Each structure stands twice: as C-alpha cells, then as structure tokens.
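Here the structure comes first, spelled out in structure tokens, and everything after it is commentary.
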2 protein chains.
Amino acid sequence: MIIDDNDKGLGFLIAETARLHRKLLDRRLQPFGLTRAQWAVLAVLVRRDGRTQSEIAEELEIEKPTAGRLLDHLEQLAWIERRPTPADRRVWRVHIPTAARPRIAAVADVVRDTRHVMVQGLSADQQHLLVRQLGAIKTNMVAALGEAAGDPG
Amino acid sequence: MIIDDNDKGLGFLIAETARLHRKLLDRRLQPFGLTRAQWAVLAVLVRRDGRTQSEIAEELEIEKPTAGRLLDHLEQLAWIERRPTPADRRVWRVHIPTAARPRIAAVADVVRDTRHVMVQGLSADQQHLLVRQLGAIKTNMVAALGEAAGDPG
DNA sequence: AGATAATAATGAGCTAGCTAACAATAAACA
DNA sequence: TGTTTATTGTTAGCTAGCTCATTATTATCT
C-alpha cells in the first residue's frame with residue numbers, strides 16, 4: 001500500500017485542491033459577476049466561437065444539462081448569445097458578442113494572474129510533470145468508469 | 001508563461017480530475033447508499049470517534065453548514081449518531097454506532113480498491129511527489145485567500 | 001413514404017459546495 | 001452580577017455537478 005490508510009488518499013487531496021481553486025477564483029471573478037464554471041465556458045468560446053452546446057459540454061467534460069444552465073446564466077448577463085442553426089433546427093450555436101470582448105479580456109488577466117499565484121515555487125519541469133501525472137490518473141478513472149457498463153470479469 | 005494560454009490551465013485540470021474522482025466513487029459507493037462526500041466524513045470518524053461537528057468541518061476543510069447537512073443524511077441512514085454534550089449544550093459529538101462498523105469496513109475495501117485503480121502506472125516516488133506538489137499549490141491558494149481580507153499592496 | 005433509431009437541448013430533482021443571517025449557549029469582562 | 005463578545009450549530013438561498021426522463025428534430029432503413 002503506497003498511500004497508507006492513515007492518509008485521506010490522493011483523490012481526496014485532489015478534491016480539496018479543486019475546492020480551494022474554485023473558492024479562490026469565484027472570489028476573484030465576483031467583481032465581474034462571473035463564477036469559475038462560467039469562465040470555463042467563456043474560455044472555450046474564446047478559443048473558438050460558434051460552437052454548439054454539446055461541443056462545449058464535451059470539451060469541458062461536463063454533462064449537457066450542466067452546460068445548458070451555465071449558458072442560461074451567461075446569456076442573461078449578455079456574456080454570450082445563442083443563435084439558431086438553419087441547417088439543423090435542434091442546435092444552437094453559441095457566440096460571444098463584440099460588446100463583451102473587452103470585458104472578457106479583463107477577466108482573462110485576472111485568471112492568468114491567479115494561475116501564476118497558484119504555481120508559485122514550482123519549476124516548469126515540475127508543472128509539466130504534474131500535468132502528465134494528473135492526465136494519467138484521469139485516464140485510469142475514465143477507463144474504470146467505462147468498465148462499469150460491461151462485465152468486469 | 002509556463003502553461004500557455006492555449007491550455008485550460010492547471011487549476012481546471014485539477015477540477016476535472018476531482019470531478020471524475022467524485023463520479024467514479026459516487027458510482028462505486030451507490031450500492032451502500034453513500035456518496036464520496038459522506039464517506040469522507042465517515043473516514044474522519046473512523047480515525048477518531050466522538051468529534052464535534054466543527055472539528056469534522058475543519059478537518060475536511062469544508063464549511064460548517066456543509067458538514068451539518070452531510071451528517072443529517074448519515075444520521076438518517078444510521079451510519080452515525082449525534083450525542084449531546086453535557087458540559088456544553090451547544091455541541092453535538094458524532095459517533096459511529098457499533099452496528100455500522102462492519103458495513104463501514106466493507107465500504108473501506110471499495111475505497112481502497114478505487115485508490116489503487118486510480119494511481120495505476122505511477123511509482124511510489126511519483127505519488128509522493130504529486131502529494132507534495134498538490135500540497136504546495138494548496139498552500140499558495142490558502143495564502144491568496146487569506147490576503148483577500150487585508151490590503152494586498 | 002413511413003416506422004424506427006439517434007441526437008440536441010431542456011426540465012425535474014438530487015447532492016454538495018458556498019455565503020449570510022440567525023438562535024442558543026458559553027466565555028469574558030466591566 | 002449583568003452586559004458584551006465569541007462560538008456551535010442551523011436555516012435559507014445561491015451555483016454547479018449529476019442522473020433520468022421528455023421534446024423536437026434529424027438520420028436511417030425497410
């Protein structure tokens with residue numbers, strides 16, 4: 001047993017770290033009326049505009065109803081707009097209106113700064129290693145989740 | 001910039017990993033009628049019985065209302081019981097009833113196995129390093145959260 | 001063409017985080 | 001002793017995850 005039973009376990013440590021990250025970023029984004037989860041959606045759209053809601057959900061690895069509700073909030077505050085798709089009347093394509101772009105740039109600055117604060121004291125190599133190892137753990141869990149459907153024997 | 005802007009950022013990677021861990025463990029604990037968060041409370045009590053609710057919240061790094069509600073659920077299903085404290089009528093001390101101990105042992109087995117699955121392919125050294133680095137990141141974020149009260153200049 | 005299956009998005013309802021505000025009690029102190 | 005302050009726990013209300021079920025539409029296949 002590598003992590004002995006007295007320890008809470010790596011998964012719980014990761015969960016605590018994620019909670020702190022949410023707490024910190026939610027607080028720093030509050031002046032903009034945004035939450036961390038809402039920013040994650042915007043960040044996806046900044047990379048490429050006009051995605052469908054399903055694409056956004058898939059990229060963020062969240063479920064479609066979760067993404068839908070985040071978009072509801074973002075739409076109400078005019079951070080995004082949903083445009084219908086003539087070719088397929090089921091899908092909405094999500095766009096960032098021009099008026100929101102300067103605001104988004106300001107938010108991005110805060111997020112960048114927070115990222116910087118978070119990894120203080122870690123070398124570039126350490127950060128890359130961390131990313132790789134978390135990726136490996138994610139892969140293991142995705143596999144374990146996939147096996148649930150079939151016969152594990 | 002170590003993690004370039006095209007990347008979602010380490011914080012979001014940690015959040016995704018935490019979400020997967022919750023999803024996996026919630027699914028595996030479902031046969032017991034437990035969630036990951038509820039198990040975390042039980043794990044604290046297994047280490048030492050008879051804590052107060054505030055002590056539990058502090059150890060898990062969650063807020064007191066969150067802990068209180070988790071205990072509500074656990075109490076309803078007889079995983080724990082709250083006993084009054086004669087010396088201080090404000091506090092409840094939380095205990096694991098004898099009848100629940102065998103069930104808890106069975107759950108612990110599942111949690112242990114899941115932990116094992118999660119870190120497959122990572123050496124002991126890598127795991128220890130990971131724990132240290134996540135600890136460093138947590139420390140950075142706790143510091144940043146603390147500074148919010150005072151003047152950052 | 002018409003029945004069936006797949007897909008996009010929503011709605012409802014649950015758990016678990018958080019904050020803010022409150023009640024009851026205990027501790028500190030003038 | 002009596003008033004103020006601090007602490008324990010709860011209530012209320014918000015966001016964000018999830019699952020399950022439903023609607024509207026498109027794709028598939030006889």
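Small disclaimer: the values here were computed from a predicted structure and weren't measured. Proteins come first, then strands; the chains are lettered A, B, ... in the order of their sequence lines, and each starts at number 1. Keep in mind that the numbers below use all heavy atoms, side chains included, and drop hydrogens, waters and symmetry copies.
In this structure, A:Gln76 atom CD and D:dT15 atom C1' are separated by 13 Å, rounded to whole Å. Rounded to an integer number of Å, the gap from B:Glu63 CD to C:dA16 C1' is 13 Å. Taking atom CD1 of A:Ile80 as the reference point, atom P of C:dA9 lies 12 Å away to the nearest angstrom. At whole-Å resolution of the value, CZ in B:Arg51 and P in D:dT8 are 15 Å apart. Atom C1' of nucleotide C:dA16 and atom CG of B:Asp72 are separated by 13 Å, given to the nearest angstrom. At whole-Å resolution of the value, CG in B:Leu29 and C1' in C:dA16 are 15 Å apart. In this entry the distance linking CG of A:Leu71 with P of C:dT10 reads 8 Å, nearest Å. To the nearest angstrom, P of D:dA16 lies 16 Å from CD of B:Glu16.
Heavy atoms of A:Gln53 sit under 4.0 angstrom from primed sugar atoms or phosphate atoms, though from no base atom. Using a 4.0 Å heavy-atom cutoff across all strands shown, B:Arg82 reaches sugar-phosphate atoms only and no base atom.
At least one side-chain nitrogen or oxygen of A:Ser54 sits closer than 4.0 Å to the OP1 or OP2 atom of C:dA9. For C:dA16, neither phosphate oxygen OP1 nor OP2 lies less than 4.0 angstrom from any side-chain nitrogen or oxygen of B:Thr66. Within the structure, every side-chain polar atom (N or O) of A:Gln30 is placed at least 4.0 Å from both OP1 and OP2 of C:dT19. Considering only side-chain N and O atoms, A:His73 lies nowhere under 4.0 angstrom from the phosphate OP1 or OP2 of D:dC14.
Applying the 3.5 Å distance criterion, the base of D:dT25 shares a donor-acceptor pair with the side chain of A:Arg90.
Listed nucleotides C:dT10, D:dG9, D:dG17 differ in distance to B:Arg19; the shortest reach to its side chain belongs to D:dG17. You'll find that the side chain of B:Arg22 is closest to D:dG17, out of C:dC18, D:dG17, D:dA16. Here C:dG11 is the nucleotide among C:dA8, C:dC18, C:dG11 with the atom lying nearest to any side-chain atom of A:Pro65. Here the nucleotide nearest the side chain of B:Arg69, chosen from D:dA12, C:dG17, D:dG9, is C:dG17. Considering only side-chain atoms of A:Ile62, the nucleotide from D:dG17, C:dA8, D:dA16 that sits closest is D:dG17.
The residue among A:Lys64 and A:Arg89 whose nearest nucleotide of DNA chain D is located toward the 5' end is A:Lys64. Ranked by how close their nearest DNA chain C nucleotide is to the 5' end, B:Ala87 and A:Asp88 are led by A:Asp88. When the nearest nucleotides of DNA chain D are assigned to A:Leu70 and B:Lys23 by heavy-atom distance, the more 5′-ward of the two goes with A:Leu70.
A donor-acceptor pair is defined here as one N or O able to donate and one able to accept, closer than 3.5 Å; such a pair exists between the side chain of A:Gln127 and the backbone of A:Leu122. Looking only at distances, no side-chain donor or acceptor of A:His21 sits under 3.5 Å from a matching main-chain atom of A:Thr17. Proximity of a side-chain donor or acceptor of A:Thr85 to a complementary backbone N or O of A:Val91 within less than 3.5 Å is detected. Side-chain atoms of B:Arg28 do not come within 3.5 Å of backbone N or O of B:Asp113 as any donor-acceptor pair.
A 6.0 Å sphere centred on CD of A:Glu58 holds no more than 12 heavy atoms belonging to other residues, nucleotides or ligands.
No continuous path of ILVMFWY side-chain contacts below 4.5 Å connects A:Leu129 to A:Val119, so the two sit in separate hydrophobic clusters.
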